[in-house]
Amino acid sequence: MRFGSLILWVAVAAQSAAAQTTNQQHIRRYREQHEVAIVRELADLLAVRNVATNLADIRANARMLVAMLARRGVAARILESGDAPPAVYGELLTPGATKTVVFYAHYDGQPVDSSRWTGSPWTPVLRSGTREVSLAGTNGRFDPESRIFARSASDDKSPIVAMLTALDALAANQIPRSVNLKFFLEGEEEAGSVNLRAILSKYRDLLKADFWIFGDGPVHQSGAAQAVFGVRGVIGANLTIYGPARPLHSGHYGNWAPNPNALMVQLLASMRDSESRINIPGFYDDVAPLTDADRAAFRSMPAVEEQLAGELRLGRTEGAPAGLAEQLALPALNLSGLSGGRATGGGANVIVAESDAYLDFRLVPNQTPARVRRLVEDHFRRQGFQVVEAAPDSATRRRYPKIIRVVWTGGYGAARTGLDTPGGRALLAAADQALGHPIIRVPTLGGSLPLFDFVDLLGVPFAILPIVNHDNNQHAENENLRLQNLWDGIELYGGVLANMGREWRLVP
């Protein structure tokens, strides 16, 4: 009897695998037959300005996204919270589905310096190498290595189009979805998600779900798809160290008037060593250690360190012999900006009045922005600095030998969910089937997303399922999307929608 049951199980499994293979073929064929329409819809969305701080532009994007969702039969609406940039919500129920999955992406973008772009950031251009290619394609197809250039081409409008096209492909081929589907498209991510917590709190009941899938971020540096189950938190600090009331001739006053540039360099050197270890007392006390499962996942990931070192012309990397993924699972202190006086174009021999720096701290689970802030300011005081929040007046500058102004920016904690949650296992199984091979399992991403609020307020597991190319110039000039990444993303999202609910039912 048990042997007969085994034969039946093998037969059913083989039949199911064959059906999934056929479904993926149908999804691919649909994409191949509609490439021009897909690229055109993405280009139309990219042509709508979306700088996060321009509320009128953000609202125009929101209205367009509601219309795009509605064309797919998704019940869509705009979610408001005071004067905050709106979020876009959509809901698509599936007969017989017992699990609900929310798909997240953000539609706002980083500011642009148009003078640094080749062309306009708001006029999408398709290029094959350096040659511009018509958006009409050739016989309805495109070179998959072509790239579309525009602000938010990768971060984060293309995942939205990939998900909607996946819905189109399933509907056209009568492939049933396996989960109830919701959309939450944020309009303030690039402005720090200042109002996100208020929106999530206000619409908590509407956003109830069993799992969240985030489409933000790039694929693995090897070019392979990855599923990421955590992100680091972040908090930034603008620092100003004060010297004389006006710039001074370095020959006449050097060795006598304190030099704020020298003080800044000495302070920064006290905070971090050359291997990226943070030297602030107590900084690592509440950091959750890496687990054996984490280290096993790191070892299973493709080795990209040598490739990246070559691309980036690096003679060394920090934290060796640890690899990139392991280093990104640790807290980090980055010096992102430093200015004081003039160093290029003809330096001036002066003792400057002020020296400025910008630091960003990347946080891991158990760390909080509030505690990091306290530890950092305590460290400054131990170095002899009076810490102030506003520019000091003359009396304050005369009273204290060393003054540092600290203005904190942003701030949210890290978020992490287990790879072995039922939803996570179902997602990984569905992704493996869609790809035809195991997707890369990543315990945590190096970058930061405001996922802490989702986990804290909604209490649901999540994963990031990114699709865009890692060399996309995200946040910079000439941001781009490689078309093959869009094609792969459509197939991946389509397979997840078709299979995740079914796999969930099979999880013990």
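Along the sequence shown, residues are numbered consecutively beginning with 1.
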Inset, instruction - State plainly whether the residues Arg72 and Asp168 are in salt-bridge range, i.e. N to O under 4.0 Å. - result: yes
Inset, instruction - Using only heavy-atom distances, determine whether the side chains of Asp294 and Thr291 contain a donor-acceptor pair under 3.5 Å. - result: yes
Inset, instruction - Give me the one residue out of Phe211, Phe183, Phe454 that meets ring-ring contact (aromatic ring centres under 6.0 Å, His included) with Tyr104. - result: Phe454
Legend entry - Basic-acidic side-chain contact under 4.0 Å: Glu35, Arg31: yes
Legend entry - Residue pair Glu479 / Asn472, side-chain donor-acceptor N/O under 3.5 Å: no
Inset, instruction - Indicate whether any N or O donor in one side chain lies under 3.5 Å from an N or O acceptor in the other, for Ser193 and Glu186. - result: yes
Legend entry - Gln174 CD: over 12 foreign heavy atoms closer than 6.0 Å: no
Legend entry - Sub-4.5 Å side-chain heavy-atom contact between Arg151 and Val51: no
Inset, instruction - Look at the aromatic rings of His34 and Tyr30 and report parallel, tilted or perpendicular, splitting at 30° and 60°. - result: parallel
Legend entry - Minimum-distance pair of heavy atoms, taken over all atoms of Gln433 and Asn499: OE1-ND2, 3.4 Å
Legend entry - Pairing of Asp471 and Arg147 as salt bridge, 4.0 angstrom limit: yes
Legend entry - Distance-only side-chain donor-acceptor flag, Asn469 / Arg482, under 3.5 Å: no
Legend entry - Sequence-distant partners of Thr421, side-chain hydrogen bond (donor to acceptor under 3.5 Å, both in side chains), two or more places apart: none
Legend entry - Carboxylate-amine/guanidinium contact Glu318 Arg272, below 4.0 Å: yes
Legend entry - Minimum heavy-atom distance between His26 and Ile175, given as atom pair plus value: CB-CD1, 4.1 Å
Legend entry - Cationic tip of Arg127 above Phe149 ring, under 6.0 Å, 45° of axis: yes
Legend entry - side-chain contact (heavy atoms from CB on, under 4.5 Å) evaluation trace for Leu497 with Leu181: CA-CA 8 Å; Leu497 287 178; Leu181 182 62; 4.0 Å; yes
Inset, instruction - Please check if the side chain of Lys202 supplies one atom and the backbone of Glu80 the other of a donor-acceptor pair under 3.5 Å. - result: yes
